[in-house]
**Student:** 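One structure, as structure tokens, below. Some questions next.
Within every chain, numbering begins at 1; the chains are lettered A, B, ... in the order of the sequence lines, protein sequences first and strands thereafter. Note that the coordinates shown come from a computational prediction; the quantities given were computed from them, not determined experimentally.
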Amino acid sequence: MDPLYKPQGVEQHWQQTWEEEGLYAADASSEKPPYVIAVPPPNVTGALHMGHALNGSIQDALIRWHRMRGFNALWQPGYDHAGIATQAVVEKELRKEGTSRFDLGREAFVERVWEWLHEYGGVIMGQFRSLGCSLDYERERFTMDDAYVRAVTRFFVHLYERGWLYRDNRIVNWCSDCRTSISDLEVEHVEVDDAIVYAHYPLADGDGHITIATVRPATILADVAVAVHPDDERYRRFVGRDVIVPVVGRRVPVIADERVEREFGTGALKITPGHDPVDFEIGREHGLPEPAVIGLDGRMIGDIPEKLIGLTEDEAADYVVTWLREEGLLEKRESYRHSVGHCERSGTRIQPLISLQWWCAMDDLARPAIEAIESGRVTFHPPVQNRVALDWLHAIRPWNVSRQLWWGHQLPIWYCPDGHVVCAETEPDACTECGSTELRRDDDVLDTWFSADLWPFATLGWPDETPELRAFYPGDVNSTAREIIFLWEVRMVMAGLELMGDIPFKDVIIHTTILAPDGRRMSKSLGTGIDPLELIDEHGADATRYGLLKMSSTQDVRFSAQQIEEGRKLANKLWNASRLLLMAGAVEPDARPSSVEESWILARIDATRAELEADLAAFDFAHAVEKLYHLTFDDFCDWYLESIKPRLGEEDVRATAFAALERLLKLLHPVMPHVTEEIWTNLAARESRLIVAPWPEPQTWEGEFEAIENAQTAARIYRRSGVRIRLTDDSARIFEAVVRPTDDGHGDVDAERARVQKEIDRAERMLANEKFVANAAPEAVAAEREKLAQYVAERDALA
RNA sequence: GGGCGGUUAGCUCAGCUGGGAGAGCAACGGCUUUACACGCCGUAGGUCGCAGGUUCGAGCCCUGCACCGCCCACCA
């Protein structure tokens, strides 16, 4: 064994061995209780980033821990087809080749996407392997697998039959770059510098004008009204009369609506139902027309002056402003900063426009989900996220589920020439209403999240009644980043309750976002990303896992290389501690303690086991990992190994040491699987792997308690001061046990005595304070008395 | 605009229902007695963002303010 632990070859070896030996595999026919986590399916086009690495470390720690505890642990792997992202990648390729998806046609394009995926896609599972993630790789699923497509279709038909899916011409978020609508959740609001234009709309009867303010002058061409607040004195006399829309010269009414803010702008709002969500609502209520002047490609269309057709919105805006100025209708133009929706995928400014889309009414789906979260059947961690999820659910709005893409799940919707709609799981022969056989399938595909919502059960074979579904549903935990709480987590709860009649998981971990060291987001475009694969390369997967878990928190944290470094040191320390014992000669482990130091270390390990379990159960990985570090460095190495070092020649001393080491390795395994397994095989010839070794049982310590306590007190004083305290009877032995025999320091007895005296003074002062004794909680007073007694004891020991 | 979170040692972060300010790293000093210099022993370092308040007692509770960040949002 090399004194320097080198993770590189070791880690690959174990990753391969574990998988080959089938130790990652869950068994649907097992008698053991199940423990299930479905991995958030990464984009099939994606590569491992810091978020995946952190989340992988979290999930694998839980999975490995439960596997050792005797659970039938399933960590379900797989990919998401990521409609928009994947289609965009392939379209970019095509553009380079000087062609387009339209040249290829739908079928050939989809074929092309598959080809691309077979060549370049699906690399992340390999990267998860190199992190040591014990996913059941044999069970890999893809949201575009035939079986999965069937599940998605079933889901859609189910919702349709429930009457929750409907087709409507409504205003949507249109991305002219992706050429599709996107849902509200995929819109990112970004602060933008714009110009706001104040324009006069003359009254049709020549009696003055109303001034409106707009940041999008081109949409003036699609105005159908001007709205004012019903209680606004300034405009009351205009309501019911007509104004003339500039440029197009259209006569439109002045209407009253409470949604108009009197204080904002001029208090008069131009109404453009075709290109603004609020205006759309107002327009619908007032029965106004909904003309469009901006097309799906972002260029000007419609009933507008000929020369404007085909211009961009900006060009048209320039024309309109110039026109206003020349006609004397431009009051002013000011710079204006406000927040504007952008497509989170392409970064393009969202164009609100009216389009015929499929929508899903969410209220009936939301209700059971609300109940599930309120009752605690599904719990988010940290708990503040329960509130976040509930707030969203309470204000839920219809979901635009159709996308104007080709890559994805095509809607199981057919239309006949008479306009009848047929929704069916398989292609129908004829229209169910009129019998027409000339059916045309809807071109659109479903929102990627529509299929992702079925992930916890479609991966297990739903809608078929498979053994897997019976064995592994509902699952236990789901872990993700904050940004997909609504997009995915909450909707999975809705889908699970609706289709399976049960929640998909009990606990949702919303993990930390790891920021770049400078506090910005890690992102490729900013150049702030840190590649976890490089960390693994350099420091090892164990160190990386440790470091990431140490960084995890309930808040966002900055990446710090120090934490990874700490993990590397821990692995190396463990390695060398094992070397020490192995070089002295391997023997059969024997956990029966025969000295106080042996009782002490076994007690320490057991106490840490209990703390560790509590931390893991609370999904507090940073604290879990910190305790492992201290157990290894301080307790096991600095105290225990140093104290037994002179007696390592004795077999029974080593026997206990190996027993203690085995337990230590077990506790560390969920976090640092590779180095622990590597040491494990060196310990003794054994059949089983550490990955499936039983988790340590709680220990009982009859009759040893007092001795252990005393040992700990002695250790504490010695550590603090270097002072060797004098103890009586058996305690003298304890003292020898916990003081490093190689150490000859005596410390400064006077200084230590002074320190203890200070503590005594403090405690006495508090207890002398009548108000404290009278007002403080009795336990607090008692605790203070106890401390006083303890320090008095220490002082006596120092005498 | 609404909501949530943060501000603690040079850095990254802990500090449970209010009762002695912590860890790791970095810094400094000392250790080449063979597990580990990716080590060991030790030292120093903080008006807990600011200002008030409640309390016997506040990093923790309340109010206000200042920055930083996130989520949600139909103010043109």
Side-chain angles (χ1 to χ4, degrees), chain A residues 1 3-5 171 184-185 187 189 196-197 212-216 219 227 259-272 276-282 336 338-339 341 352 382 384-385 387-388 391-392 395 482-483 485-486 513 515 517 519-521 539 543 550-563 565-584 620 622-623 626 629-630 633 637-638 641-642 645 648 719 722 740 742-745 747 758-759 762-763 766 769-777 779-781 783-784 787 791:
Chain A
M1 286 174 90
L4 182 62
Y5 172 63
I171 197 141
D184 295 339
L185 292 176
V187 174
H189 292 264
I196 187 163
V197 169
I212 60 87
T214 181
V215 290
R216 302 183 58 196
T219 64
R259 273 161 287 205
V260 180
E261 291 287 332
R262 277 174 281 186
E263 289 74 30
F264 192 85
T266 62
L269 174 64
K270 73 187 206 58
I271 300 298
T272 321
D276 183 277
V278 189
D279 296 7
F280 178 82
E281 297 293 332
I282 295 175
Y336 183 64
H338 64 148
S339 118
V384 66
Q385 302 298 351
R387 192 76 255 152
V388 172
D391 286 349
W392 183 74
R482 244 186 340 245
E483 60 249 34
I485 291 177
F486 311 136
T513 301
L515 305 169
R520 291 186 294 169
R521 282 189 90 80
H539 307 284
K550 182 83 189 289
M551 279 176 236
S552 73
S553 166
T554 53
Q555 58 165 325
D556 291 353
V557 292
R558 299 175 180 212
F559 178 83
S560 88
Q562 291 164 5
Q563 313 294 353
E565 194 64 32
E566 193 174 307
R568 201 170 67 147
K569 286 180 182 177
L570 178 56
N572 195 58
K573 188 72 174 176
L574 203 60
W575 180 253
N576 280 291
S578 309
R579 276 182 70 224
L580 173 68
L581 295 180
L582 285 166
M583 287 189 308
D620 183 351
H623 284 109
E626 192 179 6
Y629 183 91
H630 285 116
F633 268 80
C637 294
D638 291 356
L641 287 187
E642 290 300 339
K645 216 187 230 176
L648 274 180
R719 273 194 85 93
R740 304 160 53 82
T742 56
D743 197 296
D744 60 351
K758 241 176 84 182
E759 297 293 351
R762 186 194 139 276
M766 270 184 90
N769 180 348
E770 284 169 28
K771 286 178 176 173
F772 171 68
V773 179
N775 298 330
E779 310 86 67
V781 180
E784 214 51 50
K787 278 187 221 166
Y791 284 118

**Student:** Can you find a side chain N or O atom of A/Lys645 that sits less than 4.0 Å from OP1 or OP2 on B/A35?
**Tutor:**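 Result: yes.
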**Student:** If you go through the side-chain atoms of A/Glu566, does one of them form a donor-acceptor pair with the base of B/G24 closer than 3.5 Å?
**Tutor:**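 There is none.
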**Student:** For A/His338 and B/A76, is the shortest distance between a side-chain N/O and OP1 or OP2 below 4.0 Å?
**Tutor:**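 So the side-chain polar atoms of A/His338 do come within 4.0 Å of the phosphate oxygens OP1 or OP2 of B/A76, strictly under.
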**Student:** According to a strict under-4.0 Å criterion, is A/Lys569 in side-chain N/O contact with OP1 or OP2 of B/A37?
**Tutor:**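 No, outside the criterion.
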**Student:** With respect to the side chain of A/Asp556, which nucleotide from B/G69, B/G19, B/G39 is positioned closest?
**Tutor:**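 The listed nucleotide nearest to A/Asp556's side chain is B/G69.
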**Student:** Write down the distance separating the P atoms in B/U33 and B/C16, rounded off to the nearest Å.
**Tutor:**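 Comparing P positions in B/U33 and B/C16 gives a spacing of 44 Å.
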**Student:** Starting at CD of A/Glu565 and ending at P of B/A37, how long is that distance when rounded to a whole Å?
**Tutor:**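 Taking CD of A/Glu565 and P of B/A37, I get 14 Å after rounding.
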**Student:** A/Arg558 side chain N/O closer than 4.0 Å to the phosphate oxygens (OP1, OP2) of B/U12?
**Tutor:**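 Looking at the OP1 and OP2 atoms of B/U12, one of them is under 4.0 Å from a side-chain N or O of A/Arg558.
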**Student:** Grab the CD-P distance between A/Glu483 and B/G5 for me, whole Å please.
**Tutor:**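 It works out to 19 Å between those atoms.
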**Student:** Between A/Lys569 and A/Glu566, is there a salt bridge with N-O shorter than 4.0 Å?
**Tutor:**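 No, no charged N to carboxylate O under 4.0 Å.
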**Student:** Under 4.0 Å: is that the gap between some side-chain N or O of A/Gln555 and OP1 or OP2 of B/A14?
**Tutor:**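 Result: yes.
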**Student:** Are A/Asn572 and B/C38 close enough that a side-chain N or O sits under 4.0 Å from OP1 or OP2?
**Tutor:**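 The answer is no; no side-chain N or O of A/Asn572 sits under 4.0 Å from OP1 or OP2.
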**Student:** Using side-chain heavy atoms (C-beta onward) and a distance below 4.5 Å, is A/Leu580 in contact with A/Leu648?
**Tutor:**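 Yes. Closest side-chain heavy atoms under 4.5 Å.
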**Student:** Name the orientation class of the two ring planes belonging to A/His338 and A/Tyr336 (parallel below 30°, tilted from 30 to 60°, perpendicular beyond 60°).
**Tutor:**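 Judged by the thresholds at 30° and 60°, the geometry between A/His338 and A/Tyr336 is tilted.
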**Student:** More 5' along RNA chain B: A/Val215 or A/Val557, using each one's nearest nucleotide?
**Tutor:**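 It is A/Val557, whose closest nucleotide lies nearer the 5' terminus.
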**Student:** Could a donor-acceptor pair under 3.5 angstrom be found where the side chain of A/Thr272 meets the base of B/A76?
**Tutor:**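 No, no donor-acceptor pair under 3.5 Å.
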**Student:** Counting only side-chain nitrogens and oxygens, does A/Thr554 get under 4.0 Å of the OP1 or OP2 atom of B/G5?
**Tutor:**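 No, A/Thr554 has no side-chain N/O under 4.0 Å of OP1/OP2 on B/G5.
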**Student:** With respect to the phosphate group of B/A35, does any side-chain polar atom (N or O) of A/Tyr5 fall under 4.0 Å of OP1 or OP2?
**Tutor:**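 The answer is no; no side-chain N or O of A/Tyr5 sits under 4.0 Å from OP1 or OP2.
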